[in-house]
Amino acid sequence: MPIERVTVTLAAEALLRKMQGIHGPLLFHQSGGCCDGSAPMCFPRGEFRVGQEDVYLGTIVDTPFYIGGSQFEYWQHTHLTVDVVKGRGSGFSVEAPEGVRFLIRSRVFTDDEYAALQQQGPPPRGPQPD
């Protein structure tokens, strides 16, 4: 069974489904840049252009999750969990008007998980088919 690089809490799943109902298909991108630092940003799928160096980590609740290539270099040993907390995040992410924000909780992969990831090979880069 493949090791997942990204998962979602029940609270974040519920919010993500609500946002899908409002905005349609969505996409997450974690850049590590400005505007909330390394907070995951959630966009309507057609409104964010995935670059060739962005790394596809997986899909949560029918929503692809990408991380910037340089950010992935720092976080490649880490399992990411998308969660939600009260508070205002970036005005660019779809959940901002809700008074909550998505955030990442992380943990380092176990040695066994990391060995399995090495067997799976590197995650794909660039836009993935829907």
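Residues take their numbers from the sequence shown, with the count starting at 1.
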Val100-Leu26 co-clustered via ILVMFWY side chain contacts under 4.5 Å: yes
Write down the atom of Pro64, the atom of Thr59, and the distance for their closest heavy-atom approach. CA-OG1, 4.0 Å
Restricting to pairs with a member in residues 60-70, which pass side-chain hydrogen bond (donor to acceptor under 3.5 Å, both in side chains), not counting sequence neighbours? Gln20-Thr63
Check the hydrophobic clustering (I, L, V, M, F, W, Y; side-chain heavy atoms under 4.5 Å; chains of links allowed) and say if Val55 and Val108 are grouped together. no
Between Ser106 and Leu80, is there a donor-acceptor pair closer than 3.5 Å when you use the side chain of the first and the backbone of the second? no
Is a donor on one side and an acceptor on the other found under 3.5 Å between the side chain of Glu4 and the backbone of Pro2? no
Please name the pair of heavy atoms, one in Val82 and one in Ala12, separated by the smallest distance, quoted to 0.1 Å. O-CB, 3.4 Å
To the nearest 0.5 Å, how far apart are NE2 in His29 and CE in Met41? 10.5 Å
With a 3.5 Å distance limit and no angle check, can you tell me whether Arg5 reaches the backbone of Gln76 through a side-chain donor-acceptor pair? yes
Which heavy atom of Ser93 sits nearest a heavy atom of Cys42, and at what distance? OG-N, 2.8 Å
Mutual orientation of the aromatic rings belonging to Phe28 and Phe102 [parallel < 30°, tilted 30-60°, perpendicular > 60°]: perpendicular
Closer than 3.5 angstrom, by distance alone: can the side chain of Glu95 be matched with the main-chain N or O of Met19 as a donor-acceptor pair? no
Nearest heavy-atom neighbours spanning Ile3 and Gln120: N-OE1, 2.6 Å
The single option from Phe65, Phe92, Phe43 passing ring pair (Phe, Tyr, Trp, His ring centres under 6.0 Å) against Phe48: Phe43
When the aromatic ring centroids of Tyr114 and His77 are compared, is their separation below 6.0 Å? yes
Taking Phe72 as the starting point, is it possible to reach Ile104 by hopping between hydrophobic residues whose side chains are less than 4.5 Å apart? yes
Start with the C-alpha gap between Val85 and Arg105, add the side-chain angles, then the distance that decides, and say whether side-chain contact (heavy atoms from CB on, under 4.5 Å) holds. CA-CA 11 Å; Val85 295; Arg105 299 193 188 278; 3.7 Å; yes
Sequence neighbours excluded, which residues qualify as side chain to side chain donor-acceptor pair (under 3.5 Å) partners of Arg125? Glu53, Glu73
Does atom CD (Gln118) have a neighbourhood of more than 12 heavy atoms from anything else shown, all under 6.0 Å? yes
Taking atom CG of Leu16 and atom NE2 of His23, what is their separation to the nearest 0.5 Å? 10.5 Å
Closest heavy-atom pair and its distance - Pro40, Leu103: CD-CA, 3.7 Å
With sequence neighbours left out, what residues match Glu47 under side chain to side chain donor-acceptor pair (under 3.5 Å)? none
Quick one: pull up OG1 in Thr78 and CD1 in Ile67 and give me the separation to the nearest 0.5 Å. 8.5 Å
Rounded to the nearest 0.5 angstrom, the OG1-CG distance for Thr7 and Leu57 is 11.0 Å
Pro44 versus Val94, closest heavy-atom pair with distance: CD-CG1, 3.5 Å
